[in-house]
Amino acid sequence: MKSKINDQVPLSTLIFTLNWEDPESDVRAIDMKEGQTLMTITSGGCNTLNFLLHAPEKIYAVDINPAQTCVMDFKIAAIKNLDHHEFISLLGLIKCDKRLELFSRIQHDLSEESKLFWNANSKLVKKGILFNGKFERFVKLAGKMLNFIQGRKKVEKFFSLETLIEQRDFYNKRWNNKSWKLIFTVMFNKKRLAKKGLVAEYFHFDDGAQTFSESFYNRASKVLCDIPVKSNYFLSAYFTGKYNSENEVPLYLKAENYEKIKRNINKIEVITADTKYWLEKMPCSCIDGFCLSNICELMSEEDTKKLFTEVARTAKPGAKICFRNLMIPREIPEELQNIISKNKCVSENLLATDRSFVYSKVAAYDVIKK
Ligand SMILES: C[S@@+](CC[C@H](N)C(=O)[O-])C[C@H]1O[C@@H](n2cnc3c(N)ncnc32)[C@H](O)[C@@H]1O
């Protein structure tokens with residue numbers, strides 16, 4: 001917690017105003033069907049909102065950080081009260097100088113905590129919240145470094161390429177130079193990572209890399225060569241700090257999906273809690289799908305075991321799980337692997353096609369119980 005605006009309401013740091021996990025991977029991992037009950041990690045709210053297109057019965061959006069709950073509340077209240085053009089204007093997807101007016105029209109639908117949070121952050125509302133969380137500000141800085149190193153024209157050229165053949169050719173001939181490799185060495189060098197308690201020698205990288213920088217370089221190179229740039233809004237977000245066009249955006253931001261999102265908006269319940277303790281209070285066998293992001297990297301092995309014990313208990317028979325690692329390897333504890341079983345074939349495919357290339361693992365699991 002950073003500070004308090006009064007004795008009751010803690011002001012926490014807003015980290016994400018977007019999800020950086022590819023929602024297509026979540027949908028495929030949990031094999032989403034209409035009428036299901038899901039548990040998602042809220043983060044920037046995008047992936048939870050995308051799920052509304054599959055008409056779920058209920059989504060519990062859980063996040064330990066109250067600021068992420070405020071982001072979700074903000075987006076939900078905006079969807080309930082605004083038309084599509086107003087919605088994307090308020091969020092900051094398109095230019096607008098009336099954001100505070102639009103905000104005043106959604107306030108009555110915010111919780112007291114969210115109202116206080118956003119009034120204390122009205123400068124951010126005025127700017128448009130998208131791309132203005134702490135993580136996104138870091139991404140924008142990294143994007144500036146990339147544009148400086150590679151040159152703005154080269155970056156623009158990359159986004160104009162039409163086929164994978166062109167992408168690979170461009171990558172090999174013009175992109176994959178010493179400066180490109182240097183970015184990874186600077187960002188993921190031993191000193192910087194050691195400060196965070198990470199020593200590469202302890203880790204085994206799935207791609208055979210020896211260091212974190214090599215592993216991230218491999219993943220970034222792969223996405224530049226193997227995934228069509230035109231369909232990858234994560235690349236434009238990472239490389240230019242924005243979405244390149246109104247068409248290349250998460251599905252919940254698109255005009256054609258807005259009515260369906262609006263119709264289903266009341267299906268989301270937003271909860272501020274540590275997932276493992278929230279699950280503890282839920283009944284047995286009540287959830288069809290879990291999207292757990294990479295939350296276990298922030299937990300001890302013991303807490304990871306507690307989390308998955310609760311997942312196994314609250315999952316319906318046949319439930320599915322999407323689970324990621326960013327840097328630190330975490331796996332389902334051995335003693336639970338007979339109940340929570342990795343679907344190797346789907347997992348390999350998810351990792352190969354994930355548009356947000358930063359994750360070392362994107363995996364799908366089935367819950368096998370009676
Ligand atoms: C795990 S982060 C992942 C985002 C990003 N991809 C990354 O790797 O940094 C996503 C969200 O998980 C939330 N989170 C972390 N641990 C959690 C927990 N135990 N229960 C609920 N939410 C948690 C964070 O507050 C954050 O909003």
Side-chain angles (χ1 to χ4, degrees), residues 1-2 10-26 29 38-49 59-75 114 117 129 131-139 142 187-188 193 196-198 212 215-216 219-220 223 233-234 237-238 250 268-282 287 290-311 314 321-330 350-351 354-363:
M1 298 293 162
K2 250 186 132 185
L11 252 191
S12 45
T13 304
L14 176 61
I15 312 284
F16 304 103
T17 59
L18 304 166
N19 271 86
W20 292 86
E21 299 97 345
D22 186 346
E24 289 295 316
S25 301
D26 288 278
L38 309 182
M39 182 256 126
T40 61
I41 296 294
T42 310
S43 193
C46 309
N47 292 11
T48 304
L49 289 166
I59 307 182
Y60 298 104
V62 184
D63 205 294
I64 202 168
N65 180 355
Q68 300 311 137
T69 293
C70 295
V71 171
M72 191 81 240
D73 276 350
F74 185 95
K75 291 186 181 179
S114 294
F117 180 89
I129 68 168
F131 287 99
N132 278 316
K134 194 173 171 191
F135 179 73
E136 287 102 25
R137 288 201 302 274
F138 164 76
V139 167
M187 302 273 290
F188 304 103
L193 292 166
K196 294 185 189 291
L198 297 170
F212 283 107
S215 179
F216 273 93
R219 286 182 235 161
V223 84
Y233 61 77
F234 287 100
Y238 273 115
I268 301 176
E269 184 177 333
V270 196
I271 296 139
T272 305
D274 185 327
T275 308
K276 57 188 178 291
Y277 299 124
W278 175 77
L279 283 173
E280 214 173 40
K281 297 190 188 120
M282 293 298 284
I287 296 174
F290 299 79
C291 296
L292 296 172
S293 183
N294 61 323
I295 62 170
C296 291
E297 276 174 88
L298 313 169
M299 292 179 192
S300 64
E301 304 265 358
E302 201 180 311
D303 281 347
T304 302
K305 186 171 159 199
K306 165 138 190 75
L307 172 76
F308 282 110
T309 304
E310 288 304 329
V311 167
T314 53
I321 300 164
C322 185
F323 176 51
R324 291 172 171 78
N325 290 332
L326 182 71
M327 289 211 229
I328 303 169
R330 284 275 185 267
L350 289 179
L351 189 64
D354 196 74
R355 291 171 299 172
S356 173
F357 50 95
V358 296
Y359 295 94
S360 61
K361 175 165 93 176
V362 184

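Order of appearance sets the numbers: ligands from 1, and atoms from 1 within every ligand.
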Asks: Please lay out, stage by stage, how Ser25 and Asp354 fare under the test side chain to side chain donor-acceptor pair (under 3.5 Å).
Replies: CA-CA 6 Å; Ser25 301; Asp354 196 74; 2.5 Å; yes
Asks: Is the backbone N or O of Leu326 less than 3.5 Å from a side-chain atom of Ser360, with the two atoms forming a donor-acceptor pair by type?
Replies: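 Side chain of Ser360 to backbone of Leu326, a donor-acceptor pair under 3.5 Å: yes, one is there.
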Asks: List by chain and number: which residues place a heavy atom under 4.0 Å from ligand 1?
Replies: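 Residue list for ligand 1: Phe16, Glu21, Ile41, Ser43, Asp63, Ile64, Asn65, Gln68, Ala273, Asp274, Thr275, Ser293, Asn294, Ile295, Leu298, Met299, Leu326, Tyr359.
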Asks: Return yes if some donor-acceptor pair links the side-chain N/O of Asn19 with the main-chain N/O of Cys46 below 3.5 Å, else return no.
Replies: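 Confirmed, Asn19 side chain pairs with Cys46 backbone.
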Asks: Kindly say whether Gln68 contributes a backbone atom to a donor-acceptor pair with the side chain of Thr42 at under 3.5 angstrom?
Replies: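 No; judged by distance alone, with no hydrogens or angles, the pair does not exist.
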Asks: Between the side chains of Trp278 and Glu310, does any donor sit under 3.5 Å from an acceptor?
Replies: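 Looking only at side-chain atoms, Glu310 and Trp278 do not form any donor-acceptor pair under 3.5 Å.
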Asks: Could you check whether any side-chain N or O of Glu297 sits under 3.5 Å from a backbone N or O of Ile328, counting only pairs where one atom can act as donor and the other as acceptor?
Replies: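 Yes.
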